[in-house]
A.B. asks: 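Quick one: this structure, given as C-alpha cells, is what I'll be asking you about.
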Protein chains: 2
Amino acid sequence: MSSDARQRLVVGTMQLLARRGLGGTSFADVVELTGAPRGSIYHYFPGGKDELVQAAIDLANENALTALSPASGKPVTEVTKQFLGMWRELLARSSFTAGCSVLAVTVAAESAGLIDHAGEIFRRWRRDLAGHLTTAGLGPDTADAAATFLIAASEGAVVLARAERSMEPFNVVSTQLLSYMRQLENEADTIEAETT
Amino acid sequence: MSSDARQRLVVGTMQLLARRGLGGTSFADVVELTGAPRGSIYHYFPGGKDELVQAAIDLANENALTALSPASGKPVTEVTKQFLGMWRELLARSSFTAGCSVLAVTVAAESAGLIDHAGEIFRRWRRDLAGHLTTAGLGPDTADAAATFLIAASEGAVVLARAERSMEPFNVVSTQLLSYMRQLENEADTIEAETT
DNA sequence: GTCTATACGAAGATAGAC
DNA sequence: GTCTATCTTCGTATAGAC
C-alpha cells in the first residue's frame with residue numbers, strides 16, 4: 001500500500017501536536033515516532049509543514065466525529081457523556097500529556113490558513129454535536145448553544161487537567177456540564193408533554 | 001530604574017505567548033517588540049527561556065487576579081461578568097489574535113517545571129474565583145465547582161473565538177455561563193431565605 | 001517512492017569587550 | 001548593564017541519486 005507511509009505521518013503528527021504543540025512538533029520528531037521514510041514527507045505533502053499539519057487536524061476532526069456518532073439517537077445526557085468520555089480517555093491514556101491538537105494549532109498557528117482550518121473544524125463539531133442534541137429532543141437554538149458550551153468547557157477542562165496533571169478539574173467540569181444538560185433535557189421533555 | 005528593561009521583557013513575552021504560543025516566541029521577537037536591550041535577557045533571566053516564560057505567566061497571573069479584585073463583594077453574576085469581560089476585552093483588542101498565555105504554555109511546554117507552574121496558576125485562579133463566589137453567597141463546594149467551570153468554559157470559549165475569528169462562540173458561552181451562575185445565585189438565596 | 005546530502009536561516013545560549 | 005560576536009544545534013526545505 002503506497003499511502004501507508006502517508007497515513008503514518010498524519011497519525012504521528014496529530015499525536016505530536018496534541019502532546020507538544022505546533023512549534024514543538026518537528027519533521028525529525030514525526031519521522032522518529034512513526035518510522036516513516038524521511039523522503040515521504042515532501043512527497044506526500046509538497047506544501048510542507050502547513051499541509052501536513054492540516055491533514056493531521058483533519059484526522060483529529062474525523063476521529064472526533066466518529067467517536068461521537070454512536071451517540072446518535074441517544075438522550076442528551078448520553079451524547080454529553082460520549083463527548084466527555086472521548087476527552088477523558090485521551091487524558092487518561094496519555095497520563096495528562098496530550099490534549100486537543102486542533103486547540104494546539106489554534107493558539108500557535110502562524111499562517112492564517114491554518115487558523116481558518118481549525119476554525120472550520122470547530123464549527124463542524126459544533127454543528128455535528130448540535131445535530132445530535134436536536135435529535136435527542138432539544139430545540140434547534142438550545143441545541144446550538146449547548147453544543148458550543150459543551151465543546152468550550154470540555155476543551156478548557158482538558159487544558160486544566162493537563163496543567164494540574166490531575167483528572168480532578170475535568171471531573172468537576174464534567175459534573176457541572178451533565179447537570180446543565182440534564183436540565184435542558186428536562187425542560188425539553190416538559191415542553192413536549194405540555195404541547196402533546 | 002534598572003529593572004525597567006526587565007519589566008518590558010516580561011510584558012512583551014507575555015503578549016507574544018498569548019499571540020503566537022510558546023514555540024512561536026523567540027528572543028529575537030521579544031527584543032524587537034519591546035525594544036529592550038538584547039543583553040538584558042540573560043542578565044535578568046540567567047535560566048534562559050524557561051525563566052523568562054515563567055515570569056511572563058506570573059505576570060498574566062497577577063493581571064488576572066487584579067482584574068478580578070474589583071468584583072470582590074459583588075453578586076455572583078457580577079463576578080462572572082467581570083471574569084468574562086477580561087477575556088472579551090483581550091479578544092476584542094487583539095482582533096482575535098491573542099488568547100491566554102498560561103493556556104498557550106500548558107499545551108506546548110517541554111519542561112515539567114513550566115507545566116507545573118502553569119498548573120499552580122490555574123489552581124490559584126480557581127481558588128481566588130471561588131473565594132469571590134463564596135463571598136457572594138455561594139456555599140464553599142458550589143463555589144469551588146462553579147469557579148472551575150467558569151474558568152474552563154471561558155478558556156475554551158476564547159480558543160473557539162480565536163479559531164473562528166468571531167465573538168459569536170464566546171458570546172454563546174457567556175450567555176450559558178451567566179444563566180448557570182444566575183441559577184446558583186437563586187438557589188443560594190432561596191436556601192438563605194429558608195434558614196433565616 | 002524513498003534515499004542521502006545539503007542549503008539556508010533561526011533558534012537558544014555563551015564569551016568577552018565596553 | 002549592555003553590546004557584539006560567535007558557538008552549536010535544530011528547523012524547514014530542496015536537489016539529485018537510486
Side-chain angles (χ1 to χ4, degrees), chain A residues 1-57 101 104-105 107-115 117, chain B residues 1-57 101 104-105 107-115 117:
Chain A
M1 185 74 69
S2 68
S3 62
D4 181 53
R6 189 198 135 98
Q7 186 62 11
R8 286 216 307 274
L9 286 170
V10 174
V11 172
T13 302
M14 182 192 68
Q15 294 173 338
L16 285 171
L17 286 174
R19 271 186 268 170
R20 309 184 196 173
L22 183 59
T25 300
S26 70
F27 289 162
D29 294 332
V30 175
V31 166
E32 188 194 12
L33 175 66
T34 63
R38 174 92 170 138
S40 295
I41 295 184
Y42 278 91
H43 177 73
Y44 290 112
F45 305 96
K49 190 170 181 178
D50 274 17
E51 194 177 341
L52 175 58
V53 167
Q54 186 160 322
I57 62 176
S101 58
V105 170
V107 303
E110 323 220 332
S111 78
L114 225 39
I115 292 188
H117 205 77
Chain B
M1 186 75 70
S2 68
S3 63
D4 181 52
R6 188 198 137 98
Q7 185 63 10
R8 285 215 308 275
L9 286 170
V10 173
V11 173
T13 302
M14 183 191 66
Q15 293 173 339
L16 286 171
L17 287 173
R19 273 188 268 170
R20 310 183 196 174
L22 183 58
T25 299
S26 69
F27 288 162
D29 294 332
V30 176
V31 166
E32 189 194 12
L33 175 68
T34 62
R38 178 95 165 103
S40 296
I41 295 183
Y42 279 91
H43 177 73
Y44 290 112
F45 305 96
K49 190 171 182 179
D50 274 16
E51 193 177 341
L52 175 59
V53 168
Q54 186 159 322
I57 61 176
S101 57
V105 169
V107 303
E110 324 219 332
S111 77
L114 226 38
I115 292 188
H117 205 76

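Labels below follow one simple rule: chain letters A, B, ... track the order of the sequence lines, proteins then strands, and each chain is numbered from 1.
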A.B. asks: Whole-Å distance between dA13(D) P and Lys49(A) NZ?
C.D. replies: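 Answer to the nearest Å: 9 Å.
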A.B. asks: Which pairs, protein N/O on one side and nucleotides 14-18 of chain C N/O on the other, fall under 3.5 Å?
C.D. replies:
none

A.B. asks: Can you tell me how far the OG atom of Ser40(A) sits from the CZ atom of Arg8(A), to the nearest 0.5 Å?
C.D. replies: 8.0 Å
A.B. asks: Please round to the nearest 0.5 Å and tell me the distance separating atom CG of Asp50(A) and atom CD of Gln54(A).
C.D. replies: 7.5 Å
A.B. asks: For DNA chain C, which residues of residues 14-27 of chain A approach it to below 4.0 angstrom with any heavy atom?
C.D. replies: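 Contacts with DNA chain C under 4.0 Å: none.
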A.B. asks: Quick one: list whatever passes side-chain contact (heavy atoms from CB on, under 4.5 Å) with Ala18(B), sequence neighbours left out.
C.D. replies: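 Ala18(B): side-chain contact (heavy atoms from CB on, under 4.5 Å) contacts with Ala98(B), Ser101(B).
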A.B. asks: Once side-chain contact (heavy atoms from CB on, under 4.5 Å) is applied, do any residues pair with Ala56(B), and if so which ones, sequence neighbours excluded?
C.D. replies: Thr13(B), Met14(B), Leu17(B)
A.B. asks: Within the structure, does a side-chain N or O atom of Ser40(B) lie under 4.0 Å from either OP1 or OP2 of dT2(D)?
C.D. replies: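 Yes, Ser40(B) has a side-chain N/O under 4.0 Å of OP1/OP2 on dT2(D).
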A.B. asks: CG of Asp4(B) versus C1' of dG1(D): gap in Å, rounded?
C.D. replies: 13 Å
A.B. asks: Considering non-hydrogen atoms only, spot the tightest contact between Leu114(A) and Ala109(A) and give its length.
C.D. replies: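 Here Leu114(A) and Ala109(A) meet closest at CB-CB, 4.1 Å.
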A.B. asks: Excluding sequence neighbours, so at least two apart, what forms side chain to side chain donor-acceptor pair (under 3.5 Å) with Asp29(B)?
C.D. replies: Arg20(B), Ser26(B)
A.B. asks: Can you tell me if His43(A) touches the phosphate of dT2(C), counting only side-chain N or O atoms and a distance under 4.0 Å to OP1 or OP2?
C.D. replies: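 Checking His43(A) against dT2(C): no side-chain N or O falls below 4.0 Å of OP1 or OP2.
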A.B. asks: Run the salt bridge (charged side-chain N to carboxylate O under 4.0 Å, His left out) test against Arg19(B) and tell me which residues pass, sequence neighbours left out.
C.D. replies: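 Partners of Arg19(B) by the salt bridge (charged side-chain N to carboxylate O under 4.0 Å, His left out) criterion come out as none, since no residue qualifies.
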A.B. asks: Using the side-chain heavy atoms of Tyr44(B), tell me which of these nucleotides is nearest: dG1(D), dA13(C), dA13(D).
C.D. replies: dG1(D)
A.B. asks: Starting at CG of Asp50(A) and ending at P of dG11(D), how long is that distance when rounded to a whole Å?
C.D. replies: 17 Å
A.B. asks: Ile41(A) CD1 to dG11(D) C1': how many Å, rounded?
C.D. replies: 12 Å
A.B. asks: I'd like to check the side-chain contact (heavy atoms from CB on, under 4.5 Å) partners of Glu51(A); sequence neighbours left out, ordered by chain and number.
C.D. replies: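 With sequence neighbours excluded, Glu51(A) shows a side-chain contact (heavy atoms from CB on, under 4.5 Å) to Phe45(A), Pro46(A), given in chain and number order.
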A.B. asks: I need the CD-P distance between Glu110(A) and dT12(D), as an integer number of Å.
C.D. replies: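 Rounded to whole Å, this separation is 11 Å.
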A.B. asks: Which whole-number value in Å describes the distance from Leu52(A) CG to dG11(D) P?
C.D. replies: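 One finds 14 Å between P of dG11(D) and CG of Leu52(A), rounded.
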A.B. asks: List in chain and number order the residues that pass side-chain contact (heavy atoms from CB on, under 4.5 Å) with Ile41(B), two or more places apart in sequence or in another chain; answer none if no residue qualifies.
C.D. replies: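 Testing Ile41(B) for side-chain contact (heavy atoms from CB on, under 4.5 Å), a comparison that skips the adjacent residues, returns Leu9(B), Phe27(B), Val31(B), Arg38(B).
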